[in-house]
Enquirer: 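To start, I am sharing the structure in question, which I have written as structure tokens.
In this text, all values refer to a predicted model and were calculated from it rather than measured experimentally.
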Amino acid sequence: MVQQRKSFILELLAILWFLLYMLPFALVLINSSKPSLLIIMDPISLPENPSQLIENIQTVLTSPNVRYPSSFFSSVVITVLSVGFLLLISSMAAWVLVRTKTKLSGILFMMFVAAMVIPFQSVMFPLVSWFHTIEVATGLVHTPFRLLQNYTGIILAYLGFGAPMSIFLFHGFIKGIPLELEEAATIDGCSKPVTFFRIIFPILKPITITVMILNGIWIWNDFLLPLLILGAGNPVQTLPLAVARFVGSFVKKWDLILTATMMTMLPAIIIFLFLQKYIIKGMVDGSVKG
């Protein structure tokens with residue numbers, strides 16, 4: 001009886017916690033179907049005209065000031081390339097650090113772990129200044145590969161800021177993979193790249209999906225780094241920057257802001273729901289193995 005009562009209380013707390021976290025999403029969804037004036041007057045009321053949501057979506061998609069379709073394309077390109085490079089480079093780096101038993105590899109791994117606690121705000125302005133200096137010194141300012149206001153710089157920045165956590169997660173998972181698998185591959189004549197991509201990388205599927213989701217959601221929703229590197233008025237802008245264009249100095253279009261926010265959240269939520277089972281598995285395996 002006591003155990004059942006404890007289970008009931010825990011389940012009730014879990015439900016209340018779930019409702020607390022879902023409340024902001026519910027408010028965004030409800031207010032996306034209302035005009036701006038009604039949102040200001042009564043933000044928690046149900047929409048009177050649900051078709052208002054379709055009108056708001058059409059306005060967001062056709063707004064020339066925001067350019068939502070091109071912003072969506074830029075977000076997809078930046079997220080896919082950044083996450084792809086992170087998965088490839090971090091997994092290879094973690095594998096080398098695990099299998100190389102030297103003091104240098106231990107020091108390098110500790111440096112990556114230490115980088116996880118450095119606040120972004122302390123390096124954001126030096127990063128922009130450094131990118132500008134490199135552009136001027138190398139003559140990249142007038143090329144398609146310039147670092148500021150272009151895809152190249154934002155992808156490199158995400159690679160640098162996302163690598164420490166990604167390497168840490170891959171490192172913990174790889175320690176649990178038996179070394180005998182790699183020794184057998186070496187005896188069979190496999191080179192190091194073949195051993196990694198044919199044997200090790202397929203085993204990393206749970207932690208790979210975990211790293212992909214964590215970094216993908218972060219990059220997709222990030223606002224500050226794109227604002228610093230891409231700029232607010234640049235043709236290349238991400239969805240969070242596009243949403244911010246609905247906020248003016250004197251007028252805030254709350255109906256369009258919330259509609260655009262909902263449209264921005266949906267892809268990340270859908271991907272998360274389909275792949276959420278791999279997150280816990282990858283996190284647990286990466287933290288306890290080895």
Enquirer: Are M92 and F173 in one and the same hydrophobic cluster, where Ile, Leu, Val, Met, Phe, Trp and Tyr link if side-chain heavy atoms are under 4.5 Å apart?
Expert: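 As far as the 4.5 Å side-chain criterion goes, F173 and M92 are connected within one cluster.
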
Enquirer: I need the L181 CG to I203 CD1 distance, nearest 0.5 Å.
Expert: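 L181 CG to I203 CD1: 5.5 Å, rounded to 0.5 Å.
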
Enquirer: More than 12 non-hydrogen atoms from neighbouring residues, nucleotides or ligands closer than 6.0 Å to CD on E48, yes or no?
Expert: no

Enquirer: Taking all atoms of both residues into account, what is the closest heavy-atom pair of A157 and I229, and its distance?
Expert: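 Heavy-atom minimum between the residues: CB-CD1, 3.6 Å.
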
Enquirer: Say whether, by atom type as modelled, one donor and one acceptor occur between the side chain of S105 and the main chain of T100 under 3.5 angstrom.
Expert: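 Present.
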
Enquirer: Take L23 and L19 through the test side-chain contact (heavy atoms from CB on, under 4.5 Å) and record every step on the way to the result.
Expert: CA-CA 6 Å; L23 180 61; L19 293 176; over 6 Å; no

Enquirer: Check V60 against L256 and note the closest heavy-atom contact, atom names and distance.
Expert: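 Distance-wise, the nearest heavy atoms are CG2-O, 3.9 Å.
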
Enquirer: For the residue pair S91 and I174, what are the closest heavy atoms and their distance?
Expert: O-CD1, 4.0 Å

Enquirer: Do F161 and L127 touch side chain to side chain, with heavy atoms closer than 4.5 Å?
Expert: yes

Enquirer: Are L230 and I78 side-chain neighbours, meaning at least one heavy-atom pair lies under 4.5 Å?
Expert: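 Touching, per the 4.5 Å side-chain cut-off.
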
Enquirer: Side chains of F246 and S63, heavy atoms from C-beta outward: is any pair under 4.5 Å?
Expert: yes

Enquirer: When you measure from the side chain of E135 to the backbone N and O of L148, does any donor-acceptor pair fall under 3.5 Å?
Expert: yes

Enquirer: About how many Å separate CE of M124 and CG of L224, when rounded to the nearest 0.5 Å?
Expert: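 Rounded to the nearest 0.5 Å, the CG-CE separation comes to 5.5 Å.
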
Enquirer: Compute whether any side-chain donor of one residue and acceptor of the other, for Y158 and T79, lie under 3.5 angstrom apart.
Expert: no

Enquirer: Might you point out which heavy atoms bring I134 and T138 nearest each other, and give the distance in Å?
Expert: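 The answer is O-OG1, 2.5 Å.
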
Enquirer: Side chains of K34 and S45, heavy atoms from C-beta outward: is any pair under 4.5 Å?
Expert: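 Yes, their side chains come closer than 4.5 Å.
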
Enquirer: Taking the side chain as every heavy atom from C-beta outward, state whether L86 and L159 have any atom pair closer than 4.5 Å.
Expert: yes

Enquirer: Is there a side-chain contact between P24 and V28, using heavy atoms and a 4.5 Å cut-off?
Expert: no

Enquirer: Can you see which heavy atom on F131 is nearest to which on G153, and at what distance?
Expert: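 Where F131 meets G153 most closely, the heavy atoms are CE2-O, 3.4 Å.
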
Enquirer: Give a yes or no on whether V98 and L104 share a hydrophobic cluster (residues Ile, Leu, Val, Met, Phe, Trp, Tyr; joining criterion: side-chain heavy atoms under 4.5 Å apart).
Expert: yes

Enquirer: Quick one, W254 and N31 - any side-chain contact, counting heavy atoms below 4.5 Å?
Expert: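 W254 vs N31: side chains apart.
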
Enquirer: What do the steps show when you test I154 against T238 for side-chain contact (heavy atoms from CB on, under 4.5 Å), and what is the final call?
Expert: CA-CA 11 Å; I154 190 70; T238 59; 5.9 Å; no

Enquirer: Using modelled atom types and a 3.5 Å cut-off, is there a donor and acceptor pairing between side-chain atoms of S129 and backbone atoms of P126?
Expert: no

Enquirer: Can you say whether the rings of Y68 and F72 are parallel (under 30°), tilted (30 to 60°) or perpendicular (over 60°)?
Expert: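 Plane angle under 30°, so parallel.
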
Enquirer: Does the side-chain contact (heavy atoms from CB on, under 4.5 Å) test come out yes or no for M262 and L29, once each step is laid out?
Expert: CA-CA 7 Å; M262 182 197 66; L29 181 60; 3.6 Å; yes

Enquirer: Would T59 and T259 count as a side-chain contact (heavy atoms from CB on, under 4.5 Å) if you check the C-alpha gap in whole Å, the side-chain angles of each, and the deciding distance to 0.1 Å?
Expert: CA-CA 10 Å; T59 303; T259 302; over 6 Å; no

Enquirer: Mind checking the CG-OG spacing from L46 to S33? Nearest 0.5 Å is all I need.
Expert: 10.0 Å

Enquirer: Taking atom CE of M111 and atom CE of M116, what is their separation to the nearest 0.5 Å?
Expert: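 Answer rounded to 0.5 Å: 15.0 Å.
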
Enquirer: Would you indicate whether the side-chain heavy atoms of L20 and L16 approach each other to under 4.5 Å?
Expert: no

Enquirer: Scan the side chains in residues 185-200 for donor-acceptor partners under 3.5 Å anywhere in the protein, sequence neighbours excluded, and list what turns up.
Expert:
residue, atom, partner, partner atom, Å
T186, OG1, E182, O, 2.9
T195, OG1, S191, O, 2.8

Enquirer: Tell me whether V123 shares a hydrophobic cluster with F125, the cluster being built from Ile, Leu, Val, Met, Phe, Trp, Tyr side chains joined at under 4.5 Å.
Expert: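 Yes, same cluster.
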
Enquirer: Any donor and acceptor pair, going by atom type alone, linking the side chain of S32 with main-chain N or O of L258 inside 3.5 Å?
Expert: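 A pair under 3.5 Å: yes.
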
Enquirer: In Å and rounded to the nearest 0.5 Å, what is the CD to CD distance from E183 to E180?
Expert: 5.5 Å

Enquirer: Is there a path of hydrophobic side-chain contacts, each under 4.5 Å between heavy atoms, that joins F145 and Y151?
Expert: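 No, no single cluster joins them.
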
Enquirer: Looking only at heavy atoms, what is the nearest atom pair of A93 and I167, with distance?
Expert: CB-CD1, 4.0 Å

Enquirer: Is a side-chain N or O of S75 found less than 3.5 angstrom from the main chain of L239, in a donor-acceptor match?
Expert: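 Flag set: sc S75 to bb L239 pair under 3.5 Å.
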
Enquirer: Would you say F120 has more than 12 foreign heavy atoms packed within less than 6.0 Å of its CZ?
Expert: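 More than 12 heavy atoms, drawn from other residues, nucleotides or ligands, come within 6.0 Å of this atom.
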
Enquirer: Hey, could you give me the CD1/CH2 distance between I271 and W220, rounded to the nearest 0.5 Å?
Expert: 7.5 Å

Enquirer: State plainly whether one hydrophobic cluster holds both F201 and I213, where clusters connect Ile, Leu, Val, Met, Phe, Trp and Tyr through side-chain heavy atoms under 4.5 angstrom apart.
Expert: yes

